[in-house]
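What follows is a set of notes on a single structure, which appears directly below.
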Amino acid sequence: MASRTTIDLACGVIMAQNRCSQDEAMAVLTKASSHRNQKLRDVAAGILGRVSGGAVSTHFDP
C-alpha cells in the first residue's frame with residue numbers, strides 16, 4: 001500500500017501540472033514507466049523527489 005500512496009501522490013502532481021484527469025495522469029505515469037523500463041512506483045517516487053526537492057517518505061496505517 002505504501003507504493004500505491006506514492007503512485008497516487010505522483011498522479012496528483014501530474015494532474016495539477018497538466019490540468020488533466022486522473023485517468024490521463026495515470027496513463028502518463030504508465031507510459032513513462034514502460035518507456036524507461038522502470039517500475040511504476042520508482043517513476044512515481046522520482047517525480048515526488050523532484051517536486052519536493054529531496055527524498056520522500058510515505059506513511060500508511062492499515
* State which residues pass side-chain contact (heavy atoms from CB on, under 4.5 Å) with A25; sequence neighbours excluded, sorted by chain then number. =>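 Counting only residues at least two positions away or on another chain, A25 forms a side-chain contact (heavy atoms from CB on, under 4.5 Å) with C11, I14, M15, C20.
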* Grab the two heavy atoms, one from T6 and one from R41, that are nearest each other, plus how far apart they are. =>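 For T6 and R41, the tightest heavy-atom pair comes out as CG2-O, 4.1 Å.
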* What are the two closest heavy atoms between A44 and I7, and how far apart are they? ->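 Smallest heavy-atom distance, with atoms named: CB-CA, 3.8 Å.
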* To do: Please identify each residue that fulfils salt bridge (Lys or Arg N to Asp or Glu O under 4.0 Å) with D42, with sequence neighbours left out.
  =>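 Partners of D42 by the salt bridge (Lys or Arg N to Asp or Glu O under 4.0 Å) criterion come out as none, since no residue qualifies.
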* Within residues 9-34 or reaching into it, pairs that qualify as side chain to side chain donor-acceptor pair (under 3.5 Å) - sequence neighbours excluded ->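 Output for this query lists S21-E24.
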* To do: Give, for atom OG of S52 and atom CG of L9, the distance between the pair rounded to the nearest 0.5 Å.
  =>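 Taking OG in S52 and CG in L9, the distance rounds to 10.5 Å.
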* To do: Evaluate the side-chain proximity of V43 to Q38: yes if any heavy-atom separation is below 4.5 Å, no if none is.
  =>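 Yes, close enough: below the 4.5 Å cut-off.
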